[in-house]
Trainee: 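Take a look at this one; I'll ask things after.
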Amino acid sequence: MQIGIVGSGYVGTTVAACLADFGHDVMNVDIDESIVRALNDGEAPVSEPGLDALLERYAGESLFATSDYEDLVDFAPDVVFLALPTPTNDDGSIDTSIVEAGAEALGTVLADIEGHPIVVVKSTVVPGTTQDVVGPALERESGKRVGVDFGLAVNPEFLKEGSAVEDFNDPDKLVFGTDDDRALEALEAVYAPLIEEGTPVVDTDLRAAEMIKYANNAFLAAKVSLINDIGNICKEFGIDAYEVADAIGLDDRIGEQFLRSGAGWGGSCFPKDTKAIVAAAREQGYDPQLLQAAIDVNDRQPQRMLDLLDSHVDVEGERVAVLGLAFKPGTDDVRNSRAIPIIEGLQERGAEVIAYDPNVGARDNMAERFPDVEFLASASPTLSGAAAALVVTDWPEFADLDREFDLMSGNVVVDGRRIVERRDGLVYEGLTW
Ligand SMILES: NC(=O)C1=CN([C@@H]2O[C@H](COP(=O)(O)OP(=O)(O)OC[C@H]3O[C@@H](n4cnc5c(N)ncnc54)[C@H](O)[C@@H]3O)[C@@H](O)[C@H]2O)C=CC1
Ligand SMILES: O=C(O)[C@H]1O[C@H](OP(=O)(O)OP(=O)(O)OC[C@H]2O[C@@H](n3ccc(=O)[nH]c3=O)[C@H](O)[C@@H]2O)[C@H](O)[C@@H](O)[C@@H]1O
């Protein structure tokens, strides 16, 4: 099939590479020329295991990128995915302006695209957005009609950063929100290899498909906040929350995943999606107290790390090492990383912050936000001369740190991710253990 993808970030690039690998012809449209160049050179614009290899294999053969929506006309797509950002407004509500702008730009060329193309919203949008924002924008600019001249569908994405390619190729479900059979059949054809392997398909309508995505993220985020709430109680009682989590995880109604208490959730989605669905619910007249509490518990975890630090050392005028900048291991993404409030809190205390992350992209991304922080390329020089160290990302290499802690001028280590093994000679504080 001929597949267009508008927006080529973590999702758009992963989807393009994997659909090319399924045998489809793919064209990515992105307004960022550097991303377009990277894709056409077979290089991934984001750091994801396995992505470079796929792009190298298909770029120029069955995968093309452009910054010009007009190129879609000759490409004649059967399906066009929208994988555009849906950031957060100041009041926490979803900002659909980029998705609307992308839909309008697509609408202008849709007028000249032959056949009955299906426009599929893959971006995470609150219920009603596809029907009330995307559809009208496409109709307005193309002069065509939804359901008559082109189709409309919702196909949320569930990949996790750091395992995007693996997750896309082995999803636990495919969610197809459609309101006509042609759109459903098109999505079934796009994902035929996965469906043939037995991946369950959830065939539903547009709004339910939009809601399933938020419910999925909100449930996972709330599960982590609940184990953090329980973990904070354990800390007060001197109990190891991980021992408790391991035990309750044996109850298959709870499950062992997403029970790692600590610094909490960051990333580009849990923070924005929980706020967006809370705001959308309030807009509808319902106040989701439990989801709001999950957000509040999460926001407090970095502060609890800083409180633990304060209970042992006054860091004013001292060097303090921050280990881990990416919001989770395996990625260069620092969006909403827990390291951000940690660095801000240390600077408020008058500390001199030095930081390290194994992923150079994460270091570079964070350096843009904190120009007066020193970002070093390994743990030893970061720890050298530091009065204290805070561990914020559970990179596996941090588990092996041992003698490096002897380079510190002090010995306070606050571990936000239960990754540091060394204890002797340290004043070691685990956030919930
Ligand atoms: N990052 C993730 O792990 C996941 C993200 N999602 C959702 O997918 C959507 C996209 O997320 P990401 O890929 O992380 O975003 P991203 O920020 O990594 O990439 C978005 C891309 O869209 C491009 N873009 C912006 N405006 C454009 C326009 N008008 N026309 C064409 N391209 C434009 C940007 O240049 C950028 O390359 C969001 O709604 C997000 O919530 C869903 C599942 C996983
Ligand atoms: O919509 C999205 O963008 C994606 O958001 C999450 O994926 P992601 O944010 O990439 O990464 P996760 O592995 O879910 O971790 C999210 C955050 O939770 C934290 N976390 C996770 C698990 C846990 O047990 N404890 C915990 O603190 C991680 O450190 C990280 O900061 C969801 O897991 C994906 O299914 C979804 O597609």
Side-chain angles (χ1 to χ4, degrees), residues 4-16 28-36 38-39 45-46 48 65-69 81-88 94-106 121-126 129 155-164 167-168 171-173 210 213-214 216-221 223-228 231 242 245 249 255-274 276 298 301 324 326-339 392-394 416-418 431-432:
I5 299 171
V6 175
S8 200
Y10 285 92
V11 171
T13 302
T14 301
V15 173
N28 281 64
V29 179
D30 200 299
I31 53 174
D32 183 327
E33 292 289 358
S34 67
I35 286 181
V36 170
L39 286 172
V46 291
E48 277 295 337
T66 177
S67 57
D68 186 354
Y69 280 79
F81 285 98
L82 295 181
L84 294 165
T86 47
T88 306
I94 185 174
D95 172 1
T96 56
S97 63
I98 300 174
V99 165
E100 185 167 13
E104 286 170 345
L106 176 60
V121 175
K122 189 166 261 299
S123 295
T124 302
V125 292
V126 295
T129 304
N155 169 224
E157 182 52 53
F158 297 90
L159 65 83
K160 301 188 296 300
E161 290 186 17
S163 55
D167 291 343
F168 185 88
D172 49 35
K173 59 182 174 296
E210 292 163 329
K213 174 61 189 176
Y214 280 96
N216 216 95
N217 272 2
F219 210 96
L220 292 169
K223 183 176 182 183
V224 172
S225 283
L226 180 54
I227 199 64
N228 274 332
Y242 277 65
E256 61 188 19
Q257 297 196 56
F258 280 62
L259 286 180
R260 292 184 62 79
S261 57
W265 31 267
S268 60
C269 290
F270 278 5
K272 84 173 168 68
D273 291 349
T274 47
N298 192 63
Q301 293 304 96
F327 82 92
K328 61 181 276 197
T331 180
D332 62 350
D333 200 345
V334 297
R335 291 180 283 189
N336 298 301
S337 166
R338 303 292 79 196
V392 195
T393 310
D394 38 338
R417 295 292 184 190
R418 184 150 172 141
L431 187 51
T432 60

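In each ligand, atom 1 is the first atom listed, and ligand 1 is the first ligand listed. Throughout, numbering of the chain's residues begins at 1 and tracks the sequence. Excluded from the calculations below are hydrogen atoms, water molecules and symmetry mates; all remaining heavy atoms, backbone and side chain alike, are included.
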Trainee: Below the 3.5 angstrom mark, is there an N/O of Lys213, backbone or side chain, next to an N/O of ligand 2?
Mentor: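 For ligand 2, there is an N or O atom that lies under 3.5 Å from one belonging to Lys213.
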Trainee: Under 3.5 Å, is there a donor on one side chain and an acceptor on the other for Thr66 and Asp68?
Mentor: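 Absent: no donor and acceptor within the cut-off.
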Trainee: Would you mind running through ligand 2 and noting each atom that sits below 4.0 Å from a heavy atom of Arg417?
Mentor: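 Ligand 2 atoms under the 4.0 Å threshold to Arg417: 27 (O), 29 (O).
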Trainee: Of the listed options (Glu256, Lys223, Gln257, Arg260), which comes nearest to atom 23 (C) of ligand 2 when hydrogens are ignored and any heavy atom counts?
Mentor: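 Looking at heavy atoms only, the winner is Arg260.
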Trainee: One pair to check against side chain to side chain contact (heavy atoms under 4.5 Å, CB included): Phe158 and Asn217. What are the steps and the verdict?
Mentor: CA-CA 9 Å; Phe158 297 90; Asn217 272 2; 5.8 Å; no
Trainee: With a cut-off of 4.0 Å, which atoms of ligand 2 are near a heavy atom of Trp265?
Mentor: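 This gives 17 (C), 18 (O), 19 (C), 31 (O) as the contact atoms.
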Trainee: Among all protein heavy atoms, pick out the one at the shortest distance from atom 41 (O) of ligand 1; state its residue, atom name and that distance to 0.1 Å.
Mentor: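 Of every protein heavy atom, Lys272 NZ, 2.6 Å lies nearest to atom 41 (O) of ligand 1.
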Trainee: Asp273 versus ligand 1: do any nitrogen or oxygen atoms come within less than 3.5 Å of each other?
Mentor: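 Such a contact does not occur with ligand 1.
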Trainee: Show which atoms of ligand 2 fall inside a sub-4.0 Å distance from at least one heavy-atom site of Cys269.
Mentor: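 Heavy-atom distances to Cys269 below 4.0 Å select 1 (O), 2 (C), 3 (O), 5 (O).
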Trainee: What atoms in ligand 1 come closer than 4.0 Å to a heavy atom of Tyr10?
Mentor: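 Taking each heavy atom of Tyr10 in turn, ligand 1 has 1 (N), 13 (O), 14 (O), 18 (O) under 4.0 Å.
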Trainee: Looking only at distances, please establish whether an N/O atom of ligand 2 is found under 3.5 Å from an N/O atom of Thr124.
Mentor: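 There is no such contact.
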Trainee: If I apply the N/O under 3.5 Å rule, does Gly266 come out as touching ligand 2?
Mentor: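 Between Gly266 and ligand 2 (N or O atoms, distance only) the closest approach is under 3.5 Å.
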Trainee: What atoms of ligand 2 come closer than 4.0 angstrom to any heavy atom of Glu157?
Mentor: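 With Glu157 as reference, the close atoms of ligand 2 come out as 37 (O).
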Trainee: Quick one, Tyr10 with Thr331, criterion side chain to side chain contact (heavy atoms under 4.5 Å, CB included). Give me CA distance, side-chain angles, the key distance, then yes/no.
Mentor: CA-CA 10 Å; Tyr10 285 92; Thr331 180; 4.0 Å; yes
Trainee: How does Phe81 reach ligand 1, by side chain, by backbone, by both or by neither, if only non-hydrogen atoms under 4.0 Å count?
Mentor: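 It is neither; nothing of Phe81 touches ligand 1.
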Trainee: Looking at Lys223 and Gln257, would you say the former's side chain and the latter's main chain have a donor-acceptor pair under 3.5 Å?
Mentor: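 Yes.
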Trainee: Give a yes/no verdict on whether any heavy atom in Pro85 is under 4.0 Å from an atom of ligand 1.
Mentor: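 Contact check Pro85 vs ligand 1: positive.
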Trainee: Within the 4.0 Å heavy-atom shell around Lys213, which atoms of ligand 1 are there?
Mentor: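 Ligand 1 atoms under the 4.0 Å threshold to Lys213: 43 (C).
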Trainee: Identify, for atom 7 (C) of ligand 1, the protein heavy atom at the shortest distance, and state residue, atom and that distance.
Mentor: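 Closest protein heavy atom to atom 7 (C) of ligand 1: Thr124 OG1, 3.6 Å.
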Trainee: Looking at atom 6 (C) of ligand 2, what's its closest protein heavy atom, distance included?
Mentor: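 Minimum-distance protein heavy atom for atom 6 (C) of ligand 2 reads Phe270 CE1, 3.5 Å.
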Trainee: When you measure from atom 30 (N) of ligand 1 to every protein heavy atom, which one gives the shortest distance, and what is it?
Mentor: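 Checked against all protein heavy atoms, atom 30 (N) of ligand 1 sits closest to Tyr69 OH, 2.7 Å.
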Trainee: With atoms numbered from 1 as shown, which atoms in ligand 2 lie under 4.0 angstrom from a non-hydrogen atom of Leu159?
Mentor: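 The atoms of ligand 2 under 4.0 Å from a heavy atom of Leu159 are 4 (C), 34 (C), 36 (C), 37 (O).
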Trainee: Take Asn336 and Phe327 through the side chain to side chain contact (heavy atoms under 4.5 Å, CB included) test and state the conclusion after the steps.
Mentor: CA-CA 7 Å; Asn336 298 301; Phe327 82 92; over 6 Å; no
Trainee: Should the proximity of Ser8 to ligand 1, defined as any heavy atom under 4.0 Å, be assigned to the side chain, the backbone, both, or neither?
Mentor: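 Within the 4.0 Å criterion, Ser8 contacts ligand 1 through backbone atoms alone.
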Trainee: To check your reading of the model: name the closest protein heavy atom to atom 12 (P) of ligand 2, its residue, and the distance in Å.
Mentor: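 Sorting protein heavy atoms by distance from atom 12 (P) of ligand 2 puts Lys328 NZ, 3.8 Å first.
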Trainee: Answer side chain, backbone, both or neither: which part of Ala164 comes under 4.0 Å from ligand 1, heavy atoms only.
Mentor: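 It is neither; nothing of Ala164 touches ligand 1.
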Trainee: N/O to N/O below 3.5 Å, does that happen between Val11 and ligand 1?
Mentor: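 Yes.
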Trainee: Among protein heavy atoms, which sits nearest to atom 15 (O) of ligand 1, and what does the distance come to when rounded to 0.1 Å?
Mentor: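 Looking only at protein heavy atoms, the one closest to atom 15 (O) of ligand 1 is Arg335 NH1, 4.1 Å.
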Trainee: For Thr13 versus Pro45, what's the shortest heavy-atom pair and its separation?
Mentor: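 Looks like OG1-CG, 3.7 Å.
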Trainee: Counting each atom of ligand 1 from 1 as listed, which ones have a heavy atom of Ile35 under 4.0 Å away?
Mentor: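 Those qualifying, in numeric order: 37 (O).
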Trainee: Is there a side-chain contact between Phe168 and Glu157 in this structure, where contact means two heavy atoms from C-beta onward sitting under 4.5 Å apart?
Mentor: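 Touching, per the 4.5 Å side-chain cut-off.
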Trainee: Examine the side chains of Ser8 and Asp30 and answer whether a donor and an acceptor come within less than 3.5 Å of each other.
Mentor: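 On atom types as modelled, these side chains do not qualify, holding no pair under 3.5 Å.
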Trainee: Report yes if some N/O of Lys160 lies less than 3.5 Å from some N/O of ligand 1; otherwise report no.
Mentor: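 In fact, backbone or side chain, Lys160 has no N or O that close.
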Trainee: Please report which non-hydrogen protein atom sits nearest to atom 1 (N) of ligand 1, along with the residue it belongs to and the distance in Å to one decimal place.
Mentor: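 Ranked first by proximity to atom 1 (N) of ligand 1 is Glu161 OE2, 2.7 Å.
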Trainee: Are any side-chain N or O atoms of Tyr242 and backbone N or O atoms of Leu259, one a donor and one an acceptor, separated by less than 3.5 Å?
Mentor: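 Side chain of Tyr242 to backbone of Leu259, a donor-acceptor pair under 3.5 Å: no, none is there.
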Trainee: Which atoms from ligand 2 have a heavy atom of Glu161 less than 4.0 Å away?
Mentor: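 The atoms of ligand 2 under 4.0 Å from a heavy atom of Glu161 are 10 (O).
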Trainee: How does Ser123 reach ligand 1, if at all, at less than 4.0 Å between non-hydrogen atoms: by side chain, backbone, both, or neither?
Mentor: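 Both backbone and side chain.
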Trainee: May I ask you to list the atoms of ligand 2 that are less than 4.0 angstrom from any heavy atom of Val224?
Mentor: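 Matching atoms, with element in brackets: 23 (C), 25 (N), 26 (C), 27 (O).
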Trainee: For atom 43 (C) of ligand 1, which protein heavy atom lies nearest, and how many Å away is it?
Mentor: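 Answer, as residue, atom name and distance: Glu157 O, 3.3 Å.
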Trainee: Do me a favour and list the nearest non-hydrogen protein atom to atom 33 (O) of ligand 2 with residue, atom name and distance?
Mentor: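 The closest one turns out to be Lys160 CG, 3.5 Å.
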Trainee: Side chain to side chain contact (heavy atoms under 4.5 Å, CB included) for Val6 and Tyr69? Distances and angles first, verdict last.
Mentor: CA-CA 9 Å; Val6 175; Tyr69 280 79; 3.3 Å; yes
Trainee: Among all protein heavy atoms, pick out the one at the shortest distance from atom 44 (C) of ligand 1; state its residue, atom name and that distance to 0.1 Å.
Mentor: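 Checking every protein heavy atom, the shortest distance to atom 44 (C) of ligand 1 gives Leu159 O, 3.5 Å.
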Trainee: Regarding ligand 2, does Asn216 bring an N or O atom to under 3.5 Å of one of the ligand's N or O atoms?
Mentor: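 No.
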Trainee: Under 3.5 Å, side chain of Lys328 to main-chain N/O of Glu161, donor-acceptor pair present?
Mentor: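 Confirmed, Lys328 side chain pairs with Glu161 backbone.
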Trainee: Tell me the protein heavy atom at minimum distance from atom 9 (O) of ligand 2, and give that distance in Å.
Mentor: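 Here the nearest protein heavy atom works out to Phe327 CE1, 3.6 Å.
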Trainee: When you compare ligand 1 with Asp32, is there at least one nitrogen or oxygen pair between them that comes in under 3.5 angstrom?
Mentor: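 No, no N or O pair falls under 3.5 Å.
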Trainee: Looking at Val125, is its backbone amide N or carbonyl O close enough to the side chain of Ser123 to form a donor-acceptor pair, meaning the two atoms are under 3.5 Å apart?
Mentor: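 Checking the backbone N and O of Val125 against the side chain of Ser123, no donor-acceptor pair under 3.5 Å is found.
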Trainee: What protein heavy atom is closest to atom 35 (O) of ligand 2, reported as residue, atom name and distance in Å?
Mentor: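 The closest one turns out to be Phe158 O, 2.8 Å.
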Trainee: Might you point out which heavy atoms bring Gly264 and Arg338 nearest each other, and give the distance in Å?
Mentor: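 Heavy atoms of Gly264 and Arg338 come nearest at O-CG, 3.7 Å.
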Trainee: Minimum heavy-atom separation for Leu106 and Leu82, please, with both atom names.
Mentor: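 What the structure gives for the nearest pair is CD2-CD2, 4.1 Å.
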Trainee: Just jot down the ligand 1 atoms closer than 4.0 angstrom to any heavy atom of Ser268, in number order.
Mentor: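 Listed by number with element: 1 (N).
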Trainee: Examine Thr86 against ligand 1 and note whether any of their N/O atoms are separated by less than 3.5 Å.
Mentor: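 Between Thr86 and ligand 1 (N or O atoms, distance only) the closest approach is under 3.5 Å.
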Trainee: So, regarding Asp30 and ligand 1 (criterion: nitrogen or oxygen to nitrogen or oxygen, under 3.5 Å), is there a contact or not?
Mentor: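 Between Asp30 and ligand 1, an N or O pair is found under 3.5 Å apart.
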Trainee: Could you tell me whether a side-chain N or O of Arg417 sits under 3.5 Å from a main-chain N or O of Thr393, the two making a donor and an acceptor?
Mentor: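 Judged by distance alone, no pair lies under 3.5 Å.
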Trainee: Please list the nearest protein heavy atom to atom 21 (C) of ligand 2 with its residue and the distance rounded to 0.1 Å.
Mentor: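 Of the protein heavy atoms, Phe258 CE2, 3.9 Å lies nearest.
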Trainee: In the protein, which heavy atom is nearest to atom 9 (C) of ligand 1, and how far is it?
Mentor: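 Minimum-distance protein heavy atom for atom 9 (C) of ligand 1 reads Leu84 O, 3.3 Å.
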